[in-house]
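Each remark here refers to the structure printed beneath this line.
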Amino acid sequence: MTLLERFARGDLDAFEDLFRQFQGRVFGWIVRIVRDRGVAEDLTLETFWRVYRARARFNPEASFGAWAYRIATNLALNHLRRRRNEEELPEDIAQAGSPDTAVQQETVDEIQRAVRKLPPKLQVVVMQALVEERPYQEIADSLGVAVGTVKSRVFRAVRILRKQLNPIGVQHAGRR
Amino acid sequence: MQEDDDEQIREALKRAFPPVGQELSRDLWPAMLRRLEKPARTVPWYDWALAAALGGMLLFFPKLVLLLAYHL
């Protein structure tokens, strides 16, 4: 019986093997989205907790990693949604600073705020595709969408960010 | 021109979000094990009572489902 078959039948040792094999990768995937190691550890545990609870529905012939990434991405998305609702963000970030402050921390904060104002689905692609430069196929698999959908989300995110960041002179921050 | 803008935005994003440590600093298995050993949370009796009352009301007044759907 394979490791995945044993896991699907509820073998705790098999689950431990899989956990040890994938915990680092799942953590790395989540932390690239949420940018907070503490939160990423909690979400990694939650991911494997859900994986274990849903073991009976897992097809041992499928990819365990892809399944875990999908669950992890959904949890990270939920976290971004909660954070977006909790944070008070200014309506117009362009008013929050002048072009002269582009090289300062304020600009960095404004860029971060602009990203956090994006819909969570766009935040995920911004982090994974633009900041971390992960392959589109990998991002698509983790979100359960087509590569074309990822590309269109990147396009939408860039269009929104361009509109919001150009007035604060982001080009200076880029060239710093 | 637009490609330049996109590249600038990409660079600015990278500066605004510097690399985070992607390596786990500790083994999470002990924490996972503790969580697995915790008894499953039970649903309190009043939640069951509320669900039963709601189910009963929907049985007698099916149109309430529209009101419920509107509020959800």
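Both backbone and side-chain heavy atoms feed into the values below; hydrogens, waters and symmetry mates do not.
Within the 4.5 angstrom heavy-atom criterion, no atom of Ala40(A) approaches chain B. Both the backbone and the side chain of Leu36(B) come within contact range of chain A, with heavy atoms under 4.5 Å apart.
Using modelled atom types, one side-chain atom of Gln112(A) and one backbone atom of Ala16(B) make a donor-acceptor pair closer than 3.5 Å. Checked by atom type and distance alone, the side chain of Arg35(A) pairs as donor or acceptor with a backbone atom of Phe17(B) at under 3.5 Å. Listed for the Arg37(A) side chain is a donor-acceptor partner under 3.5 Å among the backbone atoms of Glu23(B).
Between Trp29(B) and Phe48(A), the distance from one ring center to the other does not fall under 6.0 angstrom.
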>> Apply side chain to side chain contact (heavy atoms under 4.5 Å, CB included) to residues Leu13(B) and Leu161(A) and explain how you reach the verdict.
In response: CA-CA 10 Å; Leu13(B) 283 169; Leu161(A) 289 173; 4.1 Å; yes
>> Using the rule given for side chain to side chain contact (heavy atoms under 4.5 Å, CB included), can you reason through Ile111(A) versus Ile9(B), listing the C-alpha separation, both sets of side-chain angles and the distance that settles it, and then say yes or no?
In response: CA-CA 9 Å; Ile111(A) 295 167; Ile9(B) 283 172; over 6 Å; no
>> Assess the residue pair Val131(A) and Arg10(B) against the criterion (side chain to side chain contact (heavy atoms under 4.5 Å, CB included)); give the C-alpha distance rounded to whole Å, side-chain angles, the decisive distance to 0.1 Å, and a yes or no.
In response: CA-CA 7 Å; Val131(A) 178; Arg10(B) 194 184 288 260; over 6 Å; no
> Would Gln22(B) and Glu132(A) satisfy side chain to side chain contact (heavy atoms under 4.5 Å, CB included), going step by step from the backbone distance to the final call?
Replying inline: CA-CA 11 Å; Gln22(B) 291 169 19; Glu132(A) 300 293 342; 3.3 Å; yes
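For the atom pair CG (Leu165(A)) and CD (Gln8(B)), the distance works out to 11.0 Å, reported to the nearest 0.5 Å. Here Asp42(A) contributes atom CG and Leu28(B) contributes atom CG; the two are 9.5 Å apart, rounded to the nearest 0.5 Å. Separation of atoms CZ (Arg35(B)) and CH2 (Trp49(A)) is listed at 6.0 Å; rounding is to 0.5 Å.
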